[in-house]
Amino acid sequence: MTHRVLVIEDEEAYRETLKYVLTNEGFDVQVAANGAAGVDAFRDFHPDVVLLDLMLPRMSGTEVLRRIRLGSDVPVIMVTAKDEQHHKIAGLELGADDYVTKPYAARELIARIRAVLRRSAVTHEEALDEREPVETAHGITLNPERLTMERDGKVVPLPPKEFALLLLLMQNRGRVLTRETIIARVWGEDYVGDTKTLDVHMKRLRSRIEDVPAEPRLLVTVRSVGYTMEDEGHG
Ligand code: CA
């Protein structure tokens, strides 16, 4: 099966090189030279993975990502310059799957594209497997079929990775899960991205379910090990 890759990149040299290299690798490639064109191309092309430069004319990469995430869980690999740390964090918070820093080697990028494609295939299969019972604890009910969280009668849709993370912790409440275990289960065994991604997602979950997110009582950090969800009656 041919995977479609959308490259949103304003620097012509990078754009043309990527198009050439990725086409040679057997991908179906479309390119866009600015943010607005990237959003249009995303709608028309239905890519399987997006390579998104963050510094773009006519709409920033983070805004492009925000718009993509309004309706899609497509894997997005951000491309950043070395001095764009704050953009990188913003991108991870908006739901980017991975990032590379310029200048990068084409081989590395291709490996990352293949890794996010594998992970999204696995996640999709797992999502199909897990169309079963809802999980309830601490007054929170998760519905794997709809990717929703219900609490106090309010139904909140969750981004897929946040949902998977919360489900994993709820299913294992009272047990400490190491960072490695969580990353492997939620992002896949071959995850090569920044482990900060886990903390970013945890922060977002806490802001949704903790009364005081800075002093979590349900989603507890176990220092230098990982995280745990308190078992009921102790939380
Ligand atoms: Ca750029």
Side-chain angles (χ1 to χ4, degrees), residues 65 69 73-78 88-100 111-112 114-151 156-232 234-235:
L65 177 57
R69 280 288 174 264
D73 193 35
V74 67
V76 174
I77 301 176
M78 292 184 291
K88 192 170 82 187
I89 302 290
L92 291 173
E93 285 177 350
L94 283 166
D97 296 81
D98 199 359
Y99 68 89
V100 292
R112 285 176 185 236
R114 295 209 187 283
V116 294
L117 285 170
R118 269 197 305 277
R119 286 203 298 279
S120 81
V122 168
T123 308
H124 188 65
E125 277 162 30
E126 280 176 358
L128 289 178
D129 281 353
E130 283 175 15
R131 291 192 172 202
E132 61 212 44
V134 291
E135 183 79 22
T136 302
H138 299 291
I140 300 166
T141 300
L142 291 182
N143 182 331
E145 192 169 351
R146 294 166 183 232
L147 296 186
T148 56
M149 170 181 87
E150 187 175 339
R151 197 182 197 192
V156 183
L158 292 180
K161 291 285 190 274
E162 271 178 64
F163 185 91
L165 179 57
L166 184 54
L167 180 64
L168 179 67
L169 288 159
M170 280 176 70
Q171 286 171 334
N172 291 282
R173 23 183 211 285
R175 275 160 55 191
V176 176
L177 298 176
T178 65
R179 297 178 61 83
E180 293 73 23
T181 300
I182 296 172
I183 288 169
R185 293 284 298 277
V186 175
W187 280 270
E189 297 284 351
D190 54 357
Y191 182 69
V192 290
D194 199 316
T195 60
K196 270 199 205 76
T197 305
L198 170 57
D199 305 298
V200 168
H201 280 73
M202 190 61 75
K203 197 173 156 199
R204 289 172 65 175
L205 273 182
R206 281 173 171 159
S207 73
R208 294 181 196 277
I209 71 174
E210 296 286 355
D211 296 329
V212 184
E215 294 165 31
R217 302 180 64 87
L218 299 180
L219 302 175
V220 179
T221 303
V222 182
R223 250 190 106 190
S224 27
V225 180
Y227 292 101
T228 186
M229 176 178 258
E230 288 293 319
D231 209 350
E232 278 174 296
H234 304 274

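Computed over heavy atoms, backbone and side chain alike; hydrogens, waters and symmetry mates excluded. Since the model is a prediction, treat every value here as computed from it, not as a measurement.
Side chain of R112 to main chain of Y99: a donor-acceptor pair is present (N/O by atom type, distance under 3.5 Å, no hydrogens or angles). The closest donor-acceptor contact from the side chain of E150 to the backbone of V156 lies at 3.5 Å or more, if one exists at all. Of the possible donor and acceptor atoms, none in the side chain of E210 sits under 3.5 Å from a partner among the backbone N and O of E215. Without hydrogens or angle criteria, T228 side chain to R175 main chain gives a donor-acceptor distance under 3.5 Å. H138 places no side-chain N or O within 3.5 Å of a backbone atom of M229 that could act as its donor or acceptor partner.
Taking CD1 of I140 as the start and CG of L166 as the end, the distance is 6.0 Å to the nearest 0.5 Å. To the nearest 0.5 Å, the span separating NZ on K161 from CG on L205 amounts to 13.0 Å. Here M78 contributes atom CE and L94 contributes atom CG; the two are 9.0 Å apart, rounded to the nearest 0.5 Å. Rounded to the nearest 0.5 Å, atoms CG (D211) and CZ (R217) are 8.5 Å apart. Here the straight-line distance linking atom CD of E162 with atom CG of L167 works out to 13.5 Å at 0.5 Å rounding.
Applying the salt bridge (charged side-chain N to carboxylate O under 4.0 Å, His left out) rule to R179 yields the partners D199; only residues at least two apart in sequence or on another chain are considered. With sequence neighbours left out, T148 forms a side-chain hydrogen bond (donor to acceptor under 3.5 Å, both in side chains) with no residue at all. Take E180 and apply the side chain to side chain contact (heavy atoms under 4.5 Å, CB included) test, not counting sequence neighbours, and it matches T178. In terms of the salt bridge (charged side-chain N to carboxylate O under 4.0 Å, His left out) criterion, residue partners of K196 (sequence neighbours excluded) are, by chain and number, D194. Residues meeting the side-chain hydrogen bond (donor to acceptor under 3.5 Å, both in side chains) test with R151, sequence neighbours left out: none. Residues satisfying the side-chain hydrogen bond (donor to acceptor under 3.5 Å, both in side chains) test with R206, not counting sequence neighbours, are T221. In this view, L168 and N172, L177, I182, R185, V186 satisfy the side chain to side chain contact (heavy atoms under 4.5 Å, CB included) rule, not counting sequence neighbours. Applying the side-chain hydrogen bond (donor to acceptor under 3.5 Å, both in side chains) rule to T197 yields the partners Y191; only residues at least two apart in sequence or on another chain are considered.
Contact annotation: the side chain of L147 approaches that of P160 to within less than 4.5 Å [non-hydrogen atoms, C-beta and beyond]. Two residues are said to be in side-chain contact when any heavy atoms from C-beta on lie closer than 4.5 Å; I77 and D97 fail this criterion. In this structure the side chain of M149 never reaches within 4.5 angstrom of the side chain of T141, judged on heavy atoms. Side-chain contact check for L169 versus Y227: some heavy-atom pair is nearer than 4.5 Å. Side-chain atoms of L198 and L165, non-hydrogen and from C-beta on, do get closer than 4.5 Å to each other.
Pairing each heavy atom of P216 with each of P213, the nearest pair is CD-O, 3.4 Å.
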List the steps and the verdict of salt bridge (Lys or Arg N to Asp or Glu O under 4.0 Å) for E135 and R173.
CA-CA 11 Å; E135 183 79 22; R173 23 183 211 285; 3.2 Å; yes
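Among residues at least two apart or in separate chains, ring-ring contact (aromatic ring centres under 6.0 Å, His included) pairs with a member in residues 199-225 are W187-H201.
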